[in-house]
Amino acid sequence: MAYNLLKGKKGIIFGALDENSIAWKVAIKAKEEGASFTLTNAPIALRMGTINQLAEKCKAEVIGADATSVEDLENLFKKSQEVLGGKIDFVLHSIGMSPNVRKGRSYGDLNYEWLVKTLDISAMSFHKVMQTAEKLDALNEWSSILALSYIAAQRTFPDYSDMAEAKAMLESIARSYGQRLGKLKKTRVNTISQSPTKTTAGTGITGFDVFYDFADRLSPLGNASAEDCANYCITLFSDLTRMVTMQNLYHDGGFSCSGITDALIETIKK
Ligand code: NAI
């Protein structure tokens, strides 16, 4: 059911690779709620993924951009404003990648060049997006900027490796830039800390199935799905949440506040 929550709003959605992507679900919901937006992803993802199907469904233009390239981001913001006919009201940063995780390097054997890449792609790009938007004066007042995070920023999950550092940095950037853009544009900046979700990025983590099950059993509501996450993103882009900023918002079925549950006790007893 749609509520017209984003009627007339203009946005940029990063990170829809395929129909499992969280950004994909956000795009579908944003369209249903009356928004217009451009879709963007890294050039390689445009070739490998199925973003064009999404673009057709949403009647959205696809503008390629490597989120680590300021030049690409400048082009993205300029073109998006042209295509959408005005400044931007919402941005979704739904980007994560670690070469160390992807290539199976353990935390005690990190390749530091790859670590720099992890941080650049998964965290620094968030700063680059906002700095580019600020310099181009591309944001409307009361706009909303959101990135997706994971609780490994606060607690350790061994196989999440250097992505934990990236998420901690991402959340910190949300606070620092949230303060700045709040003053400049009344723009809010938040991160959503999402449950493990079966996507390309999620399932790329070793042992994903185990911590997916563990989180599901530890969360009173169970794991939050990508679709639920998309609903939450829509509320944060809407005018109903105008005073929420600089927060890391847990969207995890209660996982972050749970010590142990009966379901887990029963499993351990066996
Ligand atoms: P996904 O694999 O569908 O999306 C990740 C996206 O990042 C892809 O579209 C990929 O092309 C894009 N990307 C990678 N390098 C890029 C670059 N240089 N420039 C632009 N885009 C680039 O997976 P998912 O799960 O939808 O990931 C979205 C976000 O949600 C990520 O930040 C991820 O860390 C976060 N998240 C995911 C969870 C999960 O279990 N799947 C849990 C909590 C957070």
Side-chain angles (χ1 to χ4, degrees), residues 12-28 39-51 54 62-73 76 91-99 101-102 114 116-126 128-129 146-155 157 159-171 173-174 191-216 219 223-230 232-233 248-253 255-256:
I12 299 178
I13 297 180
F14 287 80
L17 177 68
D18 56 35
E19 63 182 0
N20 296 320
S21 299
I22 297 169
W24 185 289
K25 317 273 186 207
V26 175
I28 298 278
L39 295 166
T40 182
N41 212 324
I44 184 172
L46 298 186
R47 288 196 299 276
M48 311 281 287
T50 50
I51 197 170
L54 179 66
V62 178
I63 302 169
D66 177 339
T68 64
S69 157
V70 171
E71 203 186 332
D72 283 9
L73 292 173
L76 171 67
V91 177
L92 177 72
H93 177 289
S94 187
I95 299 171
M97 211 284 280
S98 158
V101 169
R102 191 173 272 189
W114 295 349
V116 171
K117 275 204 148 183
T118 303
L119 298 176
D120 195 12
I121 294 171
S122 311
M124 219 192 303
S125 63
F126 193 39
K128 289 178 179 175
V129 164
L146 205 50
L148 292 175
S149 194
Y150 183 57
I151 196 171
Q154 286 78 29
R155 301 194 202 159
F157 295 82
D159 292 323
Y160 206 66
S161 190
D162 60 352
M163 276 300 288
E165 276 65 52
K167 292 305 190 193
M169 185 173 169
L170 183 82
E171 292 175 15
I173 289 171
T191 51
I192 291 180
S193 185
Q194 164 67 8
S195 294
T197 314
K198 290 178 180 169
T199 61
T200 303
T203 52
I205 312 276
T206 314
F208 176 84
D209 287 344
V210 174
F211 70 71
Y212 180 92
D213 279 352
F214 173 74
D216 200 39
S219 313
N223 285 333
S225 68
E227 193 149 16
D228 286 320
C229 185
Y232 195 32
C233 292
N248 179 46
L249 303 160
Y250 289 104
H251 183 258
D252 63 0
F255 176 82
S256 46

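Since the structure is predicted, the reported quantities are computational estimates derived from the model, not experimental observations. Atoms within a ligand are numbered from 1 in the order they appear, just like the ligands themselves.
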request  = Answer whether the closest heavy-atom distance between the side chains of Val26 and Ser94 falls below 4.5 Å.
outcome  = no

ask   = Would you call Cys229 and Lys25 a side-chain contact if the rule is heavy atoms closer than 4.5 Å?
value = no

One pair per line, please: each N/O atom of ligand 1 matched with every protein N/O atom under 3.5 Å away, atom names first, then the distance to 0.1 Å.
| residue | atom | partner | partner atom | Å |
| --- | --- | --- | --- | --- |
| ligand 1 | 2 (O) | Ala201 | N | 3.0 |
| ligand 1 | 3 (O) | Ser21 | OG | 2.6 |
| ligand 1 | 9 (O) | Gly15 | O | 2.9 |
| ligand 1 | 9 (O) | Asn41 | ND2 | 2.8 |
| ligand 1 | 11 (O) | Asn41 | OD1 | 2.7 |
| ligand 1 | 11 (O) | Asn41 | ND2 | 3.4 |
| ligand 1 | 18 (N) | Asp66 | OD1 | 3.0 |
| ligand 1 | 19 (N) | Ala67 | N | 2.9 |
| ligand 1 | 21 (N) | Asn41 | OD1 | 3.3 |
| ligand 1 | 23 (O) | Thr199 | OG1 | 3.2 |
| ligand 1 | 25 (O) | Thr199 | OG1 | 2.5 |
| ligand 1 | 26 (O) | Ile22 | N | 2.9 |
| ligand 1 | 32 (O) | Ile95 | O | 3.0 |
| ligand 1 | 32 (O) | Lys167 | NZ | 3.0 |
| ligand 1 | 34 (O) | Lys167 | NZ | 2.8 |
| ligand 1 | 40 (O) | Thr197 | N | 2.7 |
| ligand 1 | 40 (O) | Thr197 | O | 3.3 |
| ligand 1 | 41 (N) | Thr197 | O | 2.9 |
| ligand 1 | 41 (N) | Thr199 | OG1 | 3.0 |

Ring centres under 6.0 angstrom apart (Tyr150, Phe157) = yes

Flag, side chain of Thr40 to backbone of Phe14, donor-acceptor distance under 3.5 Å = no

ask   = Hey, does Thr197 have a side-chain heavy atom less than 4.5 Å from the side chain of Ser225?
value = no

ask   = Is there a side-chain contact between Asp66 and Ile44 (heavy atoms, below 4.5 Å)?
value = no

